[in-house]
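For reference, the structure discussed in these notes is given below.
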Amino acid sequence: MFPLLRRVVPVAVLVFAAQGSAWADAKLDVAMKQLAATSGCVACHSIESGKPGPAGVAPIGPAWQDVAARYKGQEGVSEKLLKTVMEGSNPYASHWKGKVSGLAMPPNAVAIQEADARKLVQWILDLKQ
Ligand code: HEC
């Protein structure tokens, strides 16, 4: 029994390590989508770009793939976006004017913990088209 285990376990560990990163990505995707759903974000945002909003108008908030494309690589952007998510956006300085039907994002601090929002924003910024 034990000699067999000694041979099987290292192989299993190797296979698992090779798949580890894809597996971790998939697990993170599931967790972040769940967090977005339970925090109410998905009422206004889709993940994939190009989806219409309710009643055929522009989506209420920008698709998160579009957010990633717009801000990718910008210095300090995740902290800026985190602040906007927690405190809401400025309706007089809209970043997505003409592209979305929502005028501003309300503060989400009632719906999500800052630590969770930080993870979600980082995940959003890492999204690919
Ligand atoms: C009631 C609708 C609504 C909800 C709920 C909502 N958003 Fe938004 N969100 C918007 C709108 C509208 C904008 C566009 C603001 C602008 O034009 O500056 C926006 C913008 C954003 C942006 C980009 C901000 C920028 O400055 O470009 C991010 C990131 C974002 N939302 C994440 C989230 C997350 C995460 C949640 C959930 C915790 C969430 N939103 C919940 C409506 C919403």
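When a ligand or atom number is given, it counts from 1 through the structure's own listing order.
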What protein heavy atom sits nearest atom 12 (C) of ligand 1, and how far off is it? I60 O, 3.3 Å

Is it the case that the side chain of Q65 and the backbone of L127 share a donor-acceptor pair, with hydrogens and angles ignored and the cut-off at 3.5 Å? no

Would you indicate whether the side-chain heavy atoms of M86 and I112 approach each other to under 4.5 Å? yes

Report whether any nitrogen, oxygen or sulfur of M105 sits less than 2.8 Å from atom 8 (Fe) of ligand 1 (N, O or S, backbone or side chain). yes

Those atoms of ligand 1 less than 4.0 Å from some heavy atom in L120: 35 (C)

How about H45: does one of its N, O or S atoms come closer than 2.8 Å to atom 8 (Fe) of ligand 1? yes

Ignoring hydrogens and geometry, is there a side-chain-to-backbone donor-acceptor pair from S94 to P91 under 3.5 Å? no

Give me the nearest non-hydrogen protein atom to atom 5 (C) of ligand 1 as residue plus atom name, then the distance to 0.1 Å. G40 O, 3.5 Å

Starting from atom 2 (C) of ligand 1, what is the nearest protein heavy atom, named by residue and atom, and what distance separates them? C44 SG, 1.9 Å

Under 4.0 Å to a heavy atom of G61 - the qualifying atoms of ligand 1, by number: 10 (C), 11 (C)

Looking only at protein heavy atoms, what sits closest to atom 37 (C) of ligand 1 is C41 SG, 1.9 Å

List every atom of ligand 1 that sits less than 4.0 Å from any heavy atom of A104, numbering the atoms from 1 in the order shown and giving each element. 12 (C)

So do Y71 and H95 actually touch side chain to side chain, heavy atoms under 4.5 Å? yes

Is it the case that more than 12 heavy atoms not belonging to L103 sit under 6.0 Å from its CG atom? no

Are the side chains of Q129 and S49 in contact, using a 4.5 Å heavy-atom criterion? yes

Just to check, does A117 reach to within less than 4.0 Å of ligand 1 when the distance is taken from its heavy atoms? no

Proximity winner for atom 13 (C) of ligand 1, if only heavy atoms of S78, A111, A37, P62 are counted: P62

Counting only nitrogen or oxygen atoms and a 3.5 angstrom limit, does W96 reach ligand 1? yes

Considering only protein heavy atoms, which is closest to atom 24 (C) of ligand 1, and at what distance to one decimal place? L81 CD2, 3.6 Å

Given W64, Y92, Y71, which has its nearest heavy atom closest to atom 27 (O) of ligand 1? Y71

So which protein heavy atom does atom 16 (C) of ligand 1 come closest to, and at what separation? H95 N, 3.4 Å

Can you find a heavy atom in the side chain of L120 that is under 4.5 Å from one in the side chain of V85? no

At a 4.0 Å cut-off, with the gap strictly under it, does some heavy atom of P106 reach an atom of ligand 1? yes

Backbone N or O of M105 within a donor-acceptor pair of the S89 side chain at under 3.5 Å? yes

Are the side chain of E87 and the backbone of P107 linked by a donor-acceptor contact shorter than 3.5 Å? no

NZ/NE/NH1/NH2 to OD/OE distance under 4.0 Å, R118 and E114: yes

Any D126 side-chain heavy atom under 4.5 Å of Q122 side chain: yes

Find the distance between CG (N108) and CG (L82) and round it off to the nearest 0.5 Å. 10.5 Å

Non-hydrogen atom of V85 closer than 4.0 Å to ligand 1: yes

To which protein heavy atom is atom 15 (C) of ligand 1 closest, and what is the distance rounded to 0.1 Å? S89 OG, 3.6 Å

Under 3.5 Å between some N or O of ligand 1 and some N or O of S94? yes

